[in-house]
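Keep in mind it's a predicted model, so treat the numbers as computed, not measured. Each chain gets a letter, A, B and so on, in the order the sequences are listed, and its residues count up from 1.
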Amino acid sequence: MNDINTNNIIEVKNLVKEFKGLRAVDDITFTVKEDEIFGFLGPNGAGKTTTINIICTLLSKTSGEVTLGGYNVARERNKIRNCIGMVFQDPSLDDRLTALENLYFHGLLYNIPRSALKERSEEVLEMVNLTSRKKSLVMTYSGGMKRRLEIARGLLHYPKILFLDEPTLGLDPQTRNKIWDYIIKLKKSKNITIFLTSHYMEETEICDRIAIIDKGKIIALDTPDNLKRTIGGDIITILSEDNVKLKDYIKEITGSEVHDAKEGKIRFEVKDSSSFIPKLIKNSPVKILSISARKPTLNDVFLDITGREIREENASARDSLRMRMRRRMRH
Amino acid sequence: MKKELIGVYTIWLRDIKRYFRDKPRIIGSLGQPILFLFVLGTGIASSLSFKGGGGGDYLNFMFPGIIGMTVLFTSFFSAMSIVWDREFGFLREVLVAPISRTSIVIGKILGGSTIAMIQGAIILLFAPLLKIPITFTVFFKVIGIMFLVAMTIAAMGIVLASVIKSMQAFQVITNFLLMPMFFLSGALFPLNDTVKWMNVVSRANPLFYGIDAMRPVILDNPALQLYPLWLDMVVLASVTVVMSILGAFLFSRQE
């Protein structure tokens with residue numbers, strides 16, 4: 001057999017999940033190291049949540065091997081459940097209960113001794129700054145507060161690994177930033193492995209390693225910096241009077257692929273934009289209306305590999321029902 | 001084992017806490033039975049002559065039936081909430097906790113049954129308005145029967161919840177299962193000498209045995225019973241056991 005690395009807290013080998021013949025997860029293999037922040041980045045429906053659900057014992061796999069902390073997901077479910085904390089994509093708090101009561105029920109389910117439960121509840125509430133609202137019904141919480149409470153609850157039984165499935169979905173940008181601050185703070189104060197998914201590229205940059213996942217397959221796996229380094233240099237976006245002509249010209253002088261971008265623009269990569277742009281403007285066969293250059297992001301990495309933007313996927317009927325529910329339950 | 005019992009208790013306690021916190025729901029859910037009893041019942045009683053029911057008047061005859069109806073709907077919908085909860089709510093948190101699916105199902109059945117029993121007991125308190133005397137013994141006997149009926153219905157609810165996938169199916173179930181169960185239970189009219197098919201079909205309806213057990217006890221009139229109390233209870237208990245096992249099996253299998 002393959003050599004077993006004791007530093008790997010999660011090992012996934014050739015995992016396949018089929019739903020009625022449809023391959024949601026298509027033969028993926030990866031490992032998550034102890035104490036790292038590992039991220040799954042990909043569009044909706046890429047198979048992120050399905051994979052997480054299999055690892056955390058909510059779904060059965062079609063084939064493949066999955067272990068967590070040395071336990072087999074198919075055979076040692078309760079052992080795995082004891083050592084993971086979950087923050088689900090969809091709200092899973094009871095909003096007719098107070099924060100303390102939600103934690104109390106969690107404590108009961110995880111068999112935390114009553115004497116320790118109170119102290120731990122205070123500790124996790126303090127960590128996410130909800131101490132002053134601990135006796136309010138969750139109904140009265142804002143979306144961001146609910147998320148924070150869910151993170152606190154996920155930590156209550158001192159899990160070895162915390163799963164965060166789209167932890168900022170449905171939140172406004174400010175609140176999103178705050179949630180990430182809490183996650184970074186958490187990482188600094190505890191020895192814990194964090195496994196998160198997101199379809200916001202910027203957000204996954206806090207990860208130590210990222211797996212980019214699309215259509216059930218892992219198409220890249222590395223540190224954020226290394227991933228971005230796979231892109232040749234800078235990204236240039238241009239609006240011109242004649243894109244077709246300009247495209248040919250750029251292909252000719254740079255030798256790189258030119259893609260159509262949003263709003264009738266075209267985009268491509270060059271090694272060094274600061275010397276390229278003046279040259280282009282001087283020699284361009286067509287009139288350039290606007291031009292911009294920037295450093296590559298993870299979105300460019302995704303675009304580079306798949307030819308699509310991460311967030312352009314259309315929501316299915318089921319997704320839009322989910323979104324409606326989420327809005328109802330979050331706000 | 002102790003862990004599983006705590007799991008059952010947690011699921012149960014959560015349902016009870018939610019129930020008592022939701023005052024509008026408690027009041028709202030009493031609206032329908034009261035409407036049936038005092039509007040429909042009074043209307044029918046004053047316009048038709050009633051020949052069944054062992055000589056009592058129609059409102060009295062209907063009263064245990066309305067309690068049955070309350071138990072039926074409350075218990076069934078509490079159990080069915082497991083579908084909703086599983087997709088969007090608190091249940092996901094429970095599903096990933098280290099307790100078995102069977103404990104979740106048992107907790108849910110007990111929670112739904114307790115709530116249904118409380119709702120039924122509240123309707124029972126209207127008895128004096130209908131000049132039906134309720135002694136303590138009768139009260140506790142009825143509570144016991146109600147709890148068993150509620151468990152039967154809740155267990156059936158879990159089975160259905162594990163089979164159906166969408167919320168849209170709720171409407172279909174209400175119209176094609178719950179309403180027929182209510183009409184063919186003997187709640188609104190006696191089922192001993194109606195048309196033949198009704199007599200036959202009603203015997204396949206668990207609620208029929210529940211109403212048949214409650215009515216003679218509440219009205220203190222043994223002439224009203226079609227089957228002996230013990231037989232009703234045995235039928236209900238058997239259906240509960242079978243449905244609970246089936247429900248636990250289906251729910252565990254579901255993803």
Given side chain to side chain contact (heavy atoms under 4.5 Å, CB included), test A/E101 with B/R21 step by step and report yes or no. CA-CA 13 Å; A/E101 285 169 332; B/R21 207 155 274 177; 2.6 Å; yes

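- Crowding of A/K190 atom NZ: a count of heavy atoms from other residues, nucleotides or ligands under 6.0 Å exceeding 12.
- Among all heavy-atom pairs drawn from B/A97 and A/L109, the shortest one is CB-CB, 3.9 Å.
- Using a 4.5 Å cut-off between heavy atoms, A/H106 touches chain B through backbone and side chain atoms alike.
- Proximity of B/E93 to A/R153: side-chain heavy atoms (C-beta onward) are separated by under 4.5 Å at one or more points.
- More than 12 heavy-atom neighbours from other residues, nucleotides or ligands sit within 6.0 angstrom of NZ on B/K3.
- Other residues, nucleotides and ligands contribute over 12 non-hydrogen atoms within 6.0 Å of the NZ atom of A/K187.
- Counting heavy-atom pairs closer than 4.5 Å to chain B, the top residue among A/N82, A/N53, A/I80 is A/N82.
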Run the numbers on A/N102 and B/F90 for side chain to side chain contact (heavy atoms under 4.5 Å, CB included), then give the verdict. CA-CA 9 Å; A/N102 268 288; B/F90 179 77; 4.2 Å; yes

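- Of the charged side-chain nitrogens involved, none lies within less than 4.0 Å of a carboxylate oxygen, so that B/R92 and A/D90 do not count as a salt-bridged pair.
- Heavy atoms only, all atoms of each residue included: B/R18 and A/D95 are closest at NH1-OD1, 4.3 Å.
- Only the side chain of B/I6 has a heavy atom closer than 4.5 Å to any heavy atom of chain A.
- Taking the side chain as every heavy atom from C-beta outward, B/R25 and A/R96 never approach each other to under 4.5 Å.
- Taking the ring axis of A/F105 as reference, the NZ or CZ atom of B/R14 does not stay both within 45° of it and closer than 6.0 Å to the ring centre.
- Within a 6.0 Å radius of CG in A/N191, no more than 12 heavy atoms belonging to other residues, nucleotides or ligands are found.
- Of the atoms belonging to A/I84, it is side-chain heavy atoms, and not backbone ones, that fall under 4.5 Å from chain B.
- Along residues 140-164 of chain B, no residue comes nearer than 4.5 angstrom to chain A, judged on non-hydrogen atoms.
- Contact count versus chain A (heavy atoms, under 4.5 Å) is highest, among B/I11, B/D22, B/I99, for B/D22.
- Closest of all the heavy-atom pairs between A/C56 and B/V96 is O-CG2, 3.5 Å.
- The contact between A/N111 and chain B is made entirely by side chain atoms (from C-beta outward), counting heavy-atom distances below 4.5 Å.
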